[in-house]
Amino acid sequence: MRMRWSVVGVPAVLLLATAAGVWATLALSLWWLFAAVSFGALAGVAVYDVVQPRHSVLRNYPLSGHLRYLLEAIRPEMQQYFVERDYDGRPFDRDTRTVVYEQAKGIHEETSFGTELDLMQPGSEYVDHAMIPRTPDAEQPRVRVGGPDCTQPYDMAVLNVSAMSFGSLSANAIRAMNAGAAAGGFAQDTGEGGLTPYHLEGGGDLIWEIGSGYFSVRTPDGDFDPEQFRDKVAHPHVKCAELKLSQGAKPRLGGVLPAAKVTAEIARFREVPQGEKCISPPAHRVFHTPRELVLFMARMRELADGKPVGFKLCVGRRREFLAICKAMVAEGVTPDFIVVDGSEGGTGAAPLEFQDGVGQPLSDGLMTVHNALVGTGLRERIRIGAGGKVATGMDIVKRLAQGADYTNSARAMMMAAGCIQARMCHTNHCPVGVATQDPRRARALDVAEKTERVRRYQHNTVAQAQQIVAAMGLDGLSELRPRHLLRRVDQDTVRTYADLFDWLEPGELLAEPPKDWAADWSAATPDSFSTVDR
């Protein structure tokens, strides 16, 4: 009711006040003309706010929403710049939100007076440039996803829309991201909330994620339905299928959709009760051991008629992932891709303790997965995606240098679609229509306008990454290696990632595991996730 008053009531009341002022001017006194003109001007602004497509806040909050933009315009004098910190507590050199908004709006990000980041501070990371830089590629690079058992490989973009479900996001947000992906030639991950018509209508390529709740491929008792999967994965827009094992912001917890957001439509798509909190089980029914997981990957690929299949996880115990690698080696079966999510990744609903204290950060998890696959001789068969606060071109460069083949972004894509980080996702009261199931709030998000912003953000961010590697003297993103990423250890010492961390040689774990890996490798077994030392 409050939202209806904001959107409809304010312009209506102002128009009535204007009409009353005109009547009073004609019937009583010319002094009322001032009131009529004032109310008329305000009514005109309010009506324009409601119908204009660019600013979602104004569409939901006509007139009063201008206060936000006023404070934003004078923000340097009113408050300190927003500073996000990564898992080591190091401040980013720039406001991440500002970078995303600039890329989405197509604003040139050149600024005066140089960097605000002190690269002499321990923990700072950067890349060095070449005396003779290269010319960036005009086209975005693609990454071929599809191992030897895949008959329909997919050429993945280096930056894609990370997993976000319909339910967590509004239908308009899903539409904008999907249409943006179609226009820009990148992919959208559906999230575990199911494959819905809103994912399909824009024509964008889809990575269909299936969680432990098996939404949209669910039997009446909550198990995985292979026939539903076979029918739906055959859709031409579905390019890959992904099994979600865990999510960075809430590892070892199932997905959570608050009761306020479980509408009749959501309940129908997910096949769950309306108006009740929707919680996915923490573990899958379709496998209980590493070997069963690997064999289920093979079954998924067969049901998908050879399309690429993979799984997503936030890395926990290294020996558990090594157990999966041992199962792959034993069965001769591998997924086509693995997406590594970092504990610093975002979510619409999760316990604060899980967000802050559980799971490995993306850098650690990414290097663990990359090295484990190299050490078992499987790296060439499997592509690695990286998600978890990927927002800028430099983020892409860092993740590829750490071992990824491509990246996924959730939070930044939400910002490109209009998110202002009001942190009200779990309340269903998102002020800009991105993370809500309230149709009156969701209307604030103009699909056509935000489609172009999503497309532009992805294009400009990848272009920025390409410019960085060209400045480094490299021919393309595929040439990035650990030696290209530098970290200041202390005031007097700078080391590359190649020097700071151990990097395994192909097949090294199978031949003679190095000392730092030997205990975990010995404890890992393909027939159990449990280990002798928990």
statement: Heavy atoms of D341 and G387 approach each other most closely as OD1-O, 3.3 Å

message: I'd like to check I207 versus Q188 (side-chain heavy atoms, cut-off strictly below 4.5 Å). Are they in contact?
response: no

task: Could you tell me whether the side chains of Y497 and R487 share a donor-acceptor contact shorter than 3.5 Å?
output: yes

- prompt: Do the non-hydrogen side-chain atoms of L477 and Q466 ever get within less than 4.5 Å of each other?
  reply: yes

- prompt: Do D405 and R379 meet the salt-bridge criterion of a basic N to acidic O distance under 4.0 Å?
  reply: yes

- prompt: Counting only heavy atoms not in H284, do more than 12 sit closer than 6.0 Å to its NE2 atom?
  reply: yes

- request: Quick one: do T376 and W521 satisfy side chain to side chain contact (heavy atoms under 4.5 Å, CB included)? Show the steps, please.
  value: CA-CA 11 Å; T376 50; W521 180 253; 3.6 Å; yes

message: If the threshold is 4.0 Å, N to carboxylate O, is there a salt bridge linking D155 and R142?
response: no

- request: Could you tell me the separation between the CZ atom of F186 and the OG atom of S409, rounded to the nearest 0.5 Å?
  value: 10.0 Å

- prompt: Within a strict 4.5 Å, meaning less than it, do heavy atoms of the I324 and F529 side chains meet?
  reply: yes

message: Please give me the minimum heavy-atom distance between M164 and H199, naming the atom from each residue.
response: O-NE2, 4.3 Å

- prompt: Quick one: CD on E320 to CG on L313, what's the gap to the nearest 0.5 Å?
  reply: 10.0 Å

- prompt: Do R488 and S124 meet the criterion of a side-chain donor-acceptor pair at a distance under 3.5 Å?
  reply: no

message: Does any part of the side chain of V454, heavy atoms only, come nearer than 4.5 Å to the side chain of M413, both counted from C-beta?
response: yes

query: When rounded to the nearest 0.5 angstrom, what is the spacing between CG in N160 and CG in D189?
result: 9.0 Å

- request: Heavy atoms only: give me the nearest C325-L373 pair and the separation to one decimal.
  value: SG-CD2, 4.0 Å

task: Check whether NZ of the Lys or CZ of the Arg K239 lies under 6.0 Å from the centre of the six-membered ring of W208 and within 45 degrees of that ring's axis.
output: no

- line: Closest non-hydrogen contact found for A391 with D395 is N-OD2, 2.8 Å

message: To the closest 0.5 Å, what do you measure between CE (M297) and CD (E242)?
response: 9.5 Å

Between CG on residue N178 and OG1 on residue T190, distance to nearest 0.5 Å: 10.5 Å

query: How are the rings of W503 and F501 set relative to one another: parallel (under 30°), tilted (30 to 60°) or perpendicular (over 60°)?
result: perpendicular

- request: Could you tell me whether Q152 atom CD has more than 12 heavy atoms of other residues or ligands within 6.0 Å of it?
  value: yes

- request: Decide, yes or no, whether a salt bridge links D336 with K307 under the criterion of side-chain N to carboxylate O below 4.0 Å.
  value: no

message: Between D502 and N371, does the side chain to side chain contact (heavy atoms under 4.5 Å, CB included) criterion hold? Intermediate values first, please.
response: CA-CA 9 Å; D502 293 328; N371 272 302; over 6 Å; no

- request: Would you indicate whether the side-chain heavy atoms of N408 and V390 approach each other to under 4.5 Å?
  value: no

Rounded distance (nearest 0.5 Å) linking atom CG of L400 with atom CG of L485: 11.0 Å

- request: Consider only side-chain N and O atoms of S363 and R399, and report whether a donor and an acceptor are under 3.5 Å apart.
  value: yes

field: Minimum side-chain heavy-atom gap V340-K312 below 4.5 Å
entry: no

message: Quick check: do P290 and D527 have side-chain heavy atoms less than 4.5 Å from each other?
response: no

- prompt: Any chance CD of E139 has more than 12 other-residue heavy atoms, nucleotides or ligands included, within less than 6.0 Å?
  reply: no

message: Could you check whether Q140 and Q458, counting side-chain N and O atoms only, form a donor-acceptor pair closer than 3.5 Å?
response: yes

- prompt: Between E192 and S280, is any side-chain donor less than 3.5 angstrom from a side-chain acceptor?
  reply: yes

field: For the student: nearest non-hydrogen atoms of C314 and G342, plus distance
entry: SG-C, 4.3 Å

field: Side-chain touch M156/R383, heavy atoms, less than 4.5 angstrom
entry: no

